[in-house]
Amino acid sequence: MRGMMDVDVGKLNQMLRFLQSCRRYSDEISADEDGREVCVAGWLHERRDLGGVLFSIIRDRGGIVQVTFRRETVGEEMIERARGVSRESVVAVIGVVKADRRAPRGFEIVPRTFEVLNEAAAELPLDATGKVHANLDTRLDARFMDLRSERVRNIFMVRAEVQRLAREFLNSRGFVEINTPKIVSTATEGGAALFPISYFEREAFLNQSPQLYKQMMMASGFDAVYEMGPIFRAEEHDTTRHLNEATSLDVEVAFADHEHVMSLLEDLVVFIYEGIAEYTERKKMDFRIEVPKKPFERITYDHAIELLSEHNIEMEWGDDFSTIAEKTLGEIIGAHYFITDWPCEIKPYYAMPAAAAGCDKDASSERCNAFDLMHPRLELASGSQRIHDYNLLRKNIEMRGLDPESFRFYLEAFRYGMPPHSGWGLGIERLLMTMLNVENIREVILFPRDRRRLVP
RNA sequence: GCCCGGGUGGUGUAGUGGCCUAUCAUGGAGCCCUGUCGAGGCUCCGACUCGGGUUCAAAUCCCGACCUGGGCGCCA
């Protein structure tokens with residue numbers, strides 16, 4: 001291999017090949033490497049010019065590292081060049097590690113070469129050092145720069161880790177990852193609003209949930225599947241906990257009842273929390289992760305109504321919980337919990353009635369084997385045992401005023417050997433925002449889509 | 001969809017009828033400074049969302065539009 005000093009930094013792609021071969025992130029370098037030559041590349045985070053000595057702070061994915069320019073070590077030409085570089089410009093440095101107690105991390109880099117790969121314009125749309133507060137709206141407009149700040153970068157590193165942990169957990173339990181269409185011909189469940197799109201000469205929609213497809217996979221013999229992907233809701237809600245494009249982790253398991261998938265969900269959530277607690281600790285991230293305790297409390301829908309009544313919140317049997325009711329229940333319980341045994345009428349048509357599953361001896365029971373996973377702040381997931389009987393499912397669709405013909409592709413799967421099955425869908429953004437104690441759901445998705453925002 | 005706020009330099013703010021050729025911080029341009037670590041000192045630069053109205057006088061009051069924050073509703 002050629003020595004570092006042989007690189008002709010004037011030739012861009014030679015420089016890039018060189019960076020590929022030896023570039024290191026700033027957190028990988030320490031004072032222990034005193035005297036060793038290293039190369040780093042990143043953004044000019046800050047510059048402190050003291051006249052005869054100039055400190056350039058370079059930031060990359062690993063954090064920050066100080067590069068020290070002194071007249072006697074780097075020469076007048078380089079120090080002048082370093083002085084003229086605007087903040088947030090992309091730079092590359094080859095230099096020698098010098099242990100020095102005066103330096104921020106106990107060492108600094110004395111540069112041999114200092115190259116500006118791309119100059120940043122002034123003034124910046126945001127302060128990437130975090131000294132000046134910016135509104136979320138301003139930050140999202142300049143999200144590429146917002147993502148350069150440590151806190152925001154950490155949120156998305158945690159998000160990636162959450163998704164990795166979810167896959168690790170489900171893969172280890174024998175689940176098969178699937179991908180289902182996001183462009184569909186019909187509403188999944190009839191209720192929520194859909195985004196219409198133009199599909200050649202026909203109208204189509206963005207899918208609001210993989211529900212129908214993951215159920216059809218149960219008839220395929222795949223037994224246990226999951227999908228992590230986007231879901232689209234055209235609801236005009238405008239809150240800190242709703243998105244029009246969100247990420248859902250959907251799971252479906254054959255030969256399993258709702259109790260089984262509730263335990264699975266509980267195990268998954270705790271597994272992710274434990275993994276993230278370890279991850280943020282190891283990466284020295286400034287988050288306090290409180291791992292929830294198993295088992296999560298299970299309260300029935302009826303019991304929830306009683307609890308609310310004791311706190312002077314009255315609701316009719318058959319109503320869904322209002323925002324204030326959800327928050328009050330959260331305060332009463334103070335931890336993750338399940339709400340179970342919901343009225344059929346406020347759950348989707350595919351939810352298994354308790355009577356049909358033999359869970360309720362009363363044949364006229366109006367309850368179903370559905371559940372919601374709640375965080376004290378908001379709903380995280382909902383699921384149920386599903387109806388696997390063709391005739392019952394078809395009857396339910398009709399009773400909701402939906403046209404069974406438009407569900408034909410789905411219903412067919414129930415006629416030729418559909419096993420009993422259960423599943424749930426978990427909102428990844430909601431899991432993240434509650435785990436990291438973030439107020440606004442937009443903080444935990446790179447480029448949020450909400451009622452007003454379509455760019456960037 | 002309903003209710004309540006807000007729109008002032010690149011960013012975050014102060015200012016609620018005349019004291020505003022508009023405050024402070026950050027930033028940008030420049031000068032000084034050999035150990036900064038939210039560096040420091042000095043000089044300069046840069047803004048009242050748009051349209052209409054009230055008034056002798058509007059950043060400030062009224063109306064409308066647009067943008068925006070929060071709460072509720074809606075939401076497998």
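Both backbone and side-chain heavy atoms feed into the values below; hydrogens, waters and symmetry mates do not. First the proteins, then the strands, lettered A, B, ... as listed; each starts at 1.
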Partner nucleotide, any strand, of C2(B) [Watson-Crick/G-U, under 3.5 Å]: G71(B)

With the threshold set at 4.0 Å, does a side-chain nitrogen-carboxylate oxygen contact exist between Glu46(A) and Arg87(A)? no

As its Watson-Crick or G-U partner within any shown strand, both distances under 3.5 Å, A76(B) has none

Across all strands shown, which nucleotide pairs with G40(B) by Watson-Crick or G-U wobble geometry, both distances under 3.5 Å? C32(B)

Could you check whether Ala351(A) gets within reach of a base, just the sugar-phosphate, or nothing at all, counting any heavy atom under 4.0 Å? nothing

Picking from G12(B), A76(B), G38(B), which would you name as closest to the side chain of Glu46(A)? G38(B)

Closest nucleotide among C37(B), C72(B), G35(B) to the Arg241(A) side chain: C72(B)

With a 3.5 Å cut-off and heavy atoms only, can you find an N or O donor on one side and an acceptor on the other between the side chain of Glu123(A) and the base of U11(B)? no

Nucleotide nearest Glu235(A) (side chain, heavy atoms from C-beta), chosen from G38(B), G27(B), C74(B): C74(B)

For C45(B), the nucleotide meeting Watson-Crick or G-U wobble distances (both under 3.5 Å) is G27(B)

Do the side chains of Ile387(A) and Pro353(A) get nearer than 4.5 Å, heavy atoms only? yes

Taken to the nearest whole Å, NZ/Lys327(A) to P/G71(B) is 6 Å

Using a cut-off of 4.0 Å on non-hydrogen atoms, how would the nucleic acid contact of Leu50(A) be classed: base, sugar-phosphate, or nothing? base

Check the phosphate of G70(B) against Asn440(A), side-chain N and O only, distance under 4.0 Å to OP1 or OP2. Yes or no? yes

So which nucleotide from U68(B), G28(B), C72(B) ends up closest to the side chain of Asp137(A)? U68(B)

My understanding is that only residues two or more places apart in sequence, or in another chain, count here; which of them pass ring pair (Phe, Tyr, Trp, His ring centres under 6.0 Å) with His336(A)? Tyr273(A), Phe296(A), His375(A)

Using a heavy-atom cut-off of 4.0 Å across all strands, would you classify Asp146(A) as base, sugar-phosphate, or nothing? nothing

Under a 4.0 Å threshold between the charged nitrogen and the carboxylate oxygen, would Arg415(A) count as salt-bridged to Glu412(A)? yes

Listed nucleotide nearest any side-chain atom of His242(A), set G71(B), C75(B), U26(B): C75(B)

Quick one: does any side-chain atom of Lys214(A) pair with a main-chain N or O of Tyr226(A) as donor and acceptor, under 3.5 Å? no

Please check the phosphate of G28(B) (OP1 and OP2 only) for any side-chain N or O of Ser86(A) closer than 4.0 Å. no

Minimum-distance nucleotide to Glu72(A) side chain [options: U34(B), C37(B), U68(B)]: U34(B)

Check every strand shown and say whether Pro104(A) touches a base, only sugar-phosphate, or nothing at a heavy-atom separation below 4.0 Å. base

Between U11(B), U36(B), A76(B), which nucleotide gets closest to the side-chain atoms of Ala134(A)? U11(B)

Students often get this wrong, so: under 4.0 angstrom with heavy atoms, is Thr239(A) touching a base, only sugar-phosphate, or nothing? base

NA contact type, His237(A), heavy-atom cut-off 4.0 Å: base, sugar-phosphate, or nothing? base

Among G35(B), G1(B), G28(B), the one nearest any side-chain atom of Glu236(A) is G1(B)

Check this for me: does the side-chain of Arg233(A) come within 3.5 Å of the base of A76(B) through a donor and an acceptor? yes

OP1 or OP2 of G28(B) sitting under 4.0 Å from any side-chain N/O of Arg87(A)? yes

Roughly, in whole Å, what's the span from CZ in Phe107(A) to P in U36(B)? 18 Å

Could you work out the separation of A25(B) and U68(B) based on their P atoms and round it to a whole Å? 31 Å

Using a 4.5 Å cut-off on heavy atoms from C-beta on, say whether the side chain of Glu80(A) contacts that of Phe69(A). no

Is it the case that more than 12 heavy atoms not belonging to Glu266(A) sit under 6.0 Å from its CD atom? yes

In terms of side-chain heavy atoms of His133(A), which of G38(B), A76(B), G12(B) is nearest? G12(B)

Which part of the nucleic acid does Asn135(A) contact within heavy-atom distance under 4.0 Å: base, sugar-phosphate only, or nothing? sugar-phosphate

Among G10(B), A76(B), C37(B), find the nucleotide with the atom closest to the side chain of Arg48(A). C37(B)

By the 4.0 Å heavy-atom rule, please label Ser384(A) as base, sugar-phosphate, or nothing. nothing

Using only side-chain N and O atoms of Arg452(A), determine if any of them is under 4.0 Å from OP1 or OP2 of U68(B). yes

Which nucleotide, if any, forms a Watson-Crick or G-U wobble pair with C61(B), using both distances under 3.5 Å? G53(B)

Name the nucleic acid region contacted by Ser382(A), choosing base, sugar-phosphate or nothing; use a 4.0 angstrom heavy-atom cut-off, strictly under. base

Which part of the nucleic acid does Glu439(A) contact within heavy-atom distance under 4.0 Å: base, sugar-phosphate only, or nothing? nothing

With RNA chain B as reference, determine whether Ala381(A) or Arg101(A) sits nearer its 5' end, using the nearest nucleotide of each. Arg101(A)

